[in-house]
Amino acid sequence: MKRHEFLRGVHTACQPRSYLEIGINDGRSLALSRTRSIGVDPAFKITSELHCDLQLVKATSDDFFAGPEPVRHFQDGVVDLAFIDGLHILEFALRDFINIERQCGWTSVVVFDDMLPRSVDEAARDRHTTAWTGDVFKIAQVLDRYRPDLTCIALDTEPTGMLLVLGADPTSTALPDRYDDIIAEFVRDDPQEVPKEVLRRSAAADPQRVLDGGFWPELIAARDGGIPRDAGYPALVEAVAAVRPDREGQRRRSGGAAHPGRFWRLGARR
């Protein structure tokens, strides 16, 4: 499945009331939105026809979030769906997630692009290939280490994979508090050390299976019903476990012990 096909499916599945996109480029992914939207990019050149109530922001994402009430275009000031496809460097993607999560509810959905590089060259921080993911694949490792409360699902989309993140907590300070430590630990000179399971996509999920998952109606019902995170998130975690294709998901559903997991980790119970 192509990335835009999956993103279209997410729009349909979660029925967002608001959509934020970081890194809009020519607008192909922004064209999928039919809800109130914000697109942020310092050098966008829109060539696609857009069909939404849209605020275009020609700025870096850091500058956008530094402004007062960055998502005031949204009626409730909450981001229901966000797509992060900005500069393909770990620290930029990490800051984007930190800033976006502050504007989220726990039922919000965040999608990262370019999470499964196909080669070490493609994963370089210093771009020297036509197709380029940079080192943003490390976001999955960072969230696994520092945010075990989130549910992260790696997706085998073409061309370079995606990461679906559920269970946002706008009150969490785990990432900003440890930002300097994270950068010191994960930022390395090229060539990057890309895990074999990333290159082989061995832990990535079938995107159609995820889109067909029964957890989407539960997420929408919790969002629209104003159900608090501590009451609704455990049920969402269980529902997501049902679409897991591997043995770890089977152990979760049967109540057995689960491996900590890489690139597909279910949020911790609360």
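Between Lys45 and Asp26 there is no salt bridge, since no side-chain nitrogen of the basic residue lies less than 4.0 Å from a carboxylate oxygen of the acidic one. In this structure, Arg3 pairs ionically with Asp113, as a charged nitrogen and a carboxylate oxygen lie closer than 4.0 Å. Note on Glu101 versus Arg147: salt bridge recorded, some NZ/NE/NH1/NH2 to OD/OE distance being below 4.0 Å. The pair Arg229-Asp149 counts as a salt bridge, with a side-chain nitrogen and a carboxylate oxygen less than 4.0 angstrom apart. In this structure, Arg178 pairs ionically with Asp181, as a charged nitrogen and a carboxylate oxygen lie closer than 4.0 Å. The pair Asp190-Arg125 does not meet the salt-bridge criterion, since no charged nitrogen lies less than 4.0 angstrom from a carboxylate oxygen.
Between the Arg127 side chain and the Ala123 main chain, no donor and acceptor come within less than 3.5 Å of each other. For the pair Asp135 (side chain) and Leu90 (backbone), a donor-acceptor distance under 3.5 Å is present. A distance-only check finds a donor-acceptor pair linking the side chain of Thr133 to the backbone of Glu122 [under 3.5 Å]. Side chain of Asp41 to backbone of Ala43: a donor-acceptor contact under 3.5 angstrom is found. At least one donor-acceptor pair closer than 3.5 Å links the side chain of Arg34 to the backbone N or O of Ala31.
Looking at Met1 and Leu211, their side chains come closer than 4.5 Å, going by heavy atoms from C-beta outward. Residues Phe92 and Thr60 are not in side-chain contact: their nearest non-hydrogen atoms beyond the backbone lie 4.5 Å or more apart. For the pair Phe83/Phe112, no side-chain contact is recorded, criterion being any heavy-atom separation below 4.5 Å from C-beta on. At a threshold of 4.5 Å between non-hydrogen side-chain atoms, the residues Val210 and Phe215 count as touching. In this structure, the side chains of Asp85 and Ile22 stay at 4.5 Å or more apart for every pair of heavy atoms. Within the 4.5 Å cutoff, no side-chain heavy atoms of Leu236 are placed close to those of Thr151. No side-chain heavy atom of Leu20 sits less than 4.5 Å from a side-chain heavy atom of Leu81. Put simply, the side chain of Cys152 does not reach to within 4.5 Å of the side chain of Met115, judged on heavy atoms.
Taking all atoms of both residues into account, the shortest heavy-atom contact from Glu193 to Pro195 is O-CD, 3.6 Å. Contact record, Cys104 with Pro170: O-CG, 3.2 Å, taken as the closest heavy-atom pair. Taking each heavy atom of Val198 and Pro117 in turn, the nearest pair found is CG1-CD, 3.6 Å. Taking all atoms of both residues into account, the shortest heavy-atom contact from Ile220 to Cys14 is CG1-O, 3.7 Å. Between Arg118 and Ala131, the closest heavy-atom pair is NH2-CB, 3.4 Å.
Atom CH2 of residue Trp106 and atom CG of residue Leu219 lie 6.5 Å apart, to the nearest 0.5 angstrom. Interatomic distance, Glu91 CD to Lys138 NZ, rounded to the nearest 0.5 Å: 9.0 Å. Expressed to the nearest 0.5 Å, how far OG1 of Thr157 lies from CD of Glu5 amounts to 10.5 Å. Note that OG of Ser48 and NE2 of His4 are 8.0 Å apart. Values are rounded to the nearest 0.5 Å. Here the OG-CG distance, from Ser33 to Leu54, works out to 8.0 Å after rounding to the nearest 0.5 Å. Going from atom CD of Gln75 over to atom CZ of Arg17 covers 9.0 Å, rounded to the nearest 0.5 Å.
Under the 4.5 Å side-chain heavy-atom criterion for ILVMFWY residues, a single connected hydrophobic cluster contains both Val165 and Ile98. Using a 4.5 Å cut-off between side-chain heavy atoms of Ile, Leu, Val, Met, Phe, Trp and Tyr, with links allowed through other members, Ile139 and Phe186 fall into the same hydrophobic cluster. Under the 4.5 Å side-chain contact rule for hydrophobic residues, Ile89 and Ile183 do not share a cluster. Leu32 and Leu56 fall within the same hydrophobic cluster, defined by Ile, Leu, Val, Met, Phe, Trp and Tyr side-chain heavy atoms under 4.5 Å apart, directly or through other members. Both Ile46 and Leu7 belong to a common hydrophobic cluster when Ile, Leu, Val, Met, Phe, Trp and Tyr are linked at side-chain heavy-atom distances under 4.5 angstrom.
A donor and an acceptor atom, one from each side chain of Tyr146 and Gln141, are nowhere located under 3.5 Å apart. Ser108 and Asp80 form no side-chain donor-acceptor contact under 3.5 Å, judged by distance and modelled atom types alone. Between the side chains of Glu21 and Ser29, at least one donor N or O sits under 3.5 Å from an acceptor N or O. No side-chain donor-acceptor contact under 3.5 Å links Tyr233 and Thr107. A donor-acceptor pair shorter than 3.5 Å cannot be found between the side chains of Gln103 and Asn99. Checked by atom type, the side-chain pair Thr171/Asp169 shows a donor-acceptor distance below 3.5 Å. A donor atom on one side chain and an acceptor atom on the other are found under 3.5 Å apart for Thr160 and Asp114.
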Check against side-chain contact (heavy atoms from CB on, under 4.5 Å), Ile38 and Tyr19: CA-CA 6 Å; Ile38 301 174; Tyr19 173 63; over 6 Å; no

Worked check of side chain to side chain donor-acceptor pair (under 3.5 Å) between Arg95 and Tyr179: CA-CA 9 Å; Arg95 289 200 300 271; Tyr179 178 81; 2.8 Å; yes

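The only member of Leu94, Val136, Val110 that meets side chain to side chain contact (heavy atoms under 4.5 Å, CB included) when paired with Ile84 is Val110.
Heavy atoms from other residues, nucleotides or ligands lying under 6.0 Å from CZ of Arg200 number 12 at most.
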